[in-house]
Protein chains: 2
Amino acid sequence: MSNPEHTEEATKTLRILAVDDHEITILGYKFILEDVEFDGYNIIVDTATTFESAKKIIEDSVDSFKYDILFLDVQLFAPNEDQPYTGEDLGILARKLVPETKIVYMSSFSDNFRINSILKTVDPDGYLVKTDIDPKSLEDAVKTIVLDPPYYSSKALGAIRKKMANDIELDEKDRKILFHLSKGTKTKDLEKFIRLSPSSIENRKRHLKTLFGTENENDLALILAAKNKGFI
Amino acid sequence: MSNPEHTEEATKTLRILAVDDHEITILGYKFILEDVEFDGYNIIVDTATTFESAKKIIEDSVDSFKYDILFLDVQLFAPNEDQPYTGEDLGILARKLVPETKIVYMSSFSDNFRINSILKTVDPDGYLVKTDIDPKSLEDAVKTIVLDPPYYSSKALGAIRKKMANDIELDEKDRKILFHLSKGTKTKDLEKFIRLSPSSIENRKRHLKTLFGTENENDLALILAAKNKGFI
DNA sequence: AGCAAATCCTTAAAAATTCTATGGATTTTA
DNA sequence: TAAAATCCATAGAATTTTTAAGGATTTGCT
């Protein structure tokens with residue numbers, strides 16, 4: 001279990017860093033979290049609104065106190081301004097720098113592809129879909145994450161459940177095909193993202209359609225079925 | 001959501017069938033569950049201690065009232081008396097007969113292989129490892145399962161987390177090899193369970209050992225590593 | 001210790017699967 | 001309707017998996 005520096009009984013401190021590009025959201029977390037009654041802990045919430053500033057704060061913390069929990073927004077930047085780094089990258093970085101620190105993700109929607117990816121690359125101690133969050137559940141989350149992780153919010157659990165219940169097995173190339181198709185990439189352009197010949201891509205697409213029970217239907221039907229089963 | 005037959009406001013009834021081969025365990029559930037305060041529901045717990053009796057009760061219920069929740073013990077029988085049917089079979093049956101009924105599993109230990117199998121074949125609305133259960137968590141479980149399933153107890157979530165965080169991909173044959181090896185089956189006897197030649201099995205075993213980082217170690221090291229990552 | 005059984009490892013050929021290029025039919029889009 | 005994109009079938013190439021056979025090593029048992 002994470003072990004914050006503290007004197008024996010007096011006031012134990014639980015240090016949290018919340019990273020979200022919306023200032024107002026951060027204020028919400030800070031307001032709720034610093035109010036949580038939890039086993040005599042004094043909860044302190046620091047904040048950051050950009051990848052760079054969060055990175056700096058975490059790096060600085062390595063040699064002094066370390067944070068007990070990191071709350072990371074999955075979508076650190078607006079999708080159109082193509083910033084190179086996301087919340088996922090920040091989590092990967094943090095795992096290296098401060099492995100004992102618990103990491104919790106928050107995302108606006110339950111994007112299955114993203115959830116699956118983060119569960120593999122970061123294996124966070126918690127995953128909260130924002131619409132699931134209210135003061136009480138956030139409090140539950142903090143306690144569970146400290147005492148007996150992981151904590152997954154209801155919608156996150158829904159995505160995980162779908163994935164676990166699935167007996168369709170896809171390899172990396174299949175997943176990439178589905179992902180890029182769902183982003184609107186045209187079949188003929190897929191070869192730029194996936195190291196396969198156009199005809200192989202077509203073969204795999206046809207194979208995917210039989211797997212998902214959308215034979216002789218178009219690509220839209222395929223990606224809808226894939227979404228439905230939690231792959232995208 | 002499941003909709004038990006009840007008159008408008010008066011007393012809504014929540015019907016539960018608990019199946020476990022240990023009488024004493026059932027009494028525990030009954031005692032706790034019928035005491036739960038839940039939104040004006042009157043909770044009734046019926047019980048069964050064998051596969052056959054449970055099957056009969058469920059079949060009979062199809063044409064009258066239907067149960068809202070089934071609590072099923074994973075290990076319905078002692079492992080030595082090789083009864084043909086397990087809690088998993090009962091769940092599969094129930095899903096067919098009464099698809100609206102919520103199904104919850106309880107198991108004595110967090111056997112990853114079993115959990116993974118049940119999550120695929122039955123996709124239950126809840127999975128509780130018995131050592132995680134106390135009156136409060138059981139109450140939470142019932143409420144969550146009725147209102148917003150699924151509910152997975154802490155140790156079950158641990159197993160699920162391991163699985164989701166894994167990037168090792170095994171096919172059915174690999175999984176069978178691991179499973180039978182872990183049961184003590186000798187390599188030369190594996191071919192009776194898996195449609196492969198002895199030399200293929202050896203190849204796959206070697207491949208598995210590299211995947212799990214136990215190259216040049218014995219089979220025990222392999223199955224320990226596989227257990228550790230949640231595959232067995 | 002010593003024997004037998006089981007496991008481990010290599011090699012090489014057979015079998016199966018996947019990839020690829022090509023050409024043409026069909027559908028979608030502008 | 002013309003052009004572009006998608007869909008589908010075929011067949012040879014490339015890759016991976018399976019299989020058989022041999023011997024080296026380890027394990028289990030008396």
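Model, not experiment: these values are computed from the prediction. To find a chain, count down the sequence lines: A is the first, B the second, and so on, and within it residues start at 1. Heavy atoms only: backbone and side chains are in, while hydrogens, waters and symmetry mates are out.
For Ser199(B), no side-chain nitrogen or oxygen approaches OP1 or OP2 of dT19(D) to under 4.0 Å.
For the pair Ile16(A)/Asp68(A), no side-chain contact is recorded, criterion being any heavy-atom separation below 4.5 Å from C-beta on.
Exactly one of Ile103(B), Ile118(B), Val122(B) qualifies for a side chain to side chain contact (heavy atoms under 4.5 Å, CB included) with Ile92(B). That residue is Val122(B).
Atom CG of Asp171(B) and atom C1' of dT16(D) are 13 Å apart (whole Å). With rounding to whole Å, Leu196(A) atom CG is found 13 Å from dT15(D) atom C1'.
Rounded to 10°, the helix from dA1(C)-dT30(D) to dA30(C)-dT1(D) has 60° between the axis fitted to its first five pairs and the one fitted to its last five.
Near DNA chain C, defined here as any heavy-atom distance below 4.0 Å, the residues from residues 200-220 of chain A are Ser200(A), Asn203(A), Arg204(A), listed numerically. Near-neighbour residues of DNA chain C inside residues 176-194 of chain B, defined by a heavy atom below 4.0 Å, number-ordered: Lys186(B), Thr187(B), Lys188(B).
The ring pair (Phe, Tyr, Trp, His ring centres under 6.0 Å) pairs that include a residue from residues 150-191 of chain A are Phe113(A)-Phe179(A), His180(A)-Phe193(A), where partners are two or more places apart or lie in different chains. Listed by first and then second residue, the salt bridge (charged side-chain N to carboxylate O under 4.0 Å, His left out) pairs that reach into residues 210-232 of chain B are Lys205(B)-Asp219(B), Lys209(B)-Asp219(B), sequence neighbours excluded. Applying the side chain to side chain donor-acceptor pair (under 3.5 Å) test to pairs two or more places apart or on separate chains, those with a residue in residues 88-98 of chain A are Thr86(A)-Asp89(A), Glu88(A)-Ser117(A), Glu88(A)-Thr121(A), Arg95(A)-Asp125(A).
Side chains of Asp148(B) and Ser154(A): a donor-acceptor N/O pair is present below 3.5 angstrom, by distance only.
Along DNA chain C, the stretch of nucleotides lying under 4.0 Å from any heavy atom of chain A spans, 5' to 3', dC19(C) to dA21(C).
A search for ring pair (Phe, Tyr, Trp, His ring centres under 6.0 Å) contacts involving Phe231(B) returns Phe212(B), not counting sequence neighbours. For the side-chain hydrogen bond (donor to acceptor under 3.5 Å, both in side chains) test, no residue two or more places apart in sequence or in another chain qualifies with Thr47(A). Residues satisfying the side-chain hydrogen bond (donor to acceptor under 3.5 Å, both in side chains) criterion with Asn218(A), sequence neighbours excluded, are absent altogether. In terms of the side-chain hydrogen bond (donor to acceptor under 3.5 Å, both in side chains) criterion, Asn166(A) has no residue partners (sequence neighbours excluded). Residues satisfying the side-chain hydrogen bond (donor to acceptor under 3.5 Å, both in side chains) criterion with Glu172(A), sequence neighbours excluded, are Arg175(A).
Atom CD of Glu169(B) sits about 11.0 Å away from atom CG of Asp174(B), to the nearest 0.5 Å.
A donor-acceptor pair under 3.5 Å is absent between the side-chain atoms of Ser107(B) and the main chain of Val74(B), judged by distance alone.
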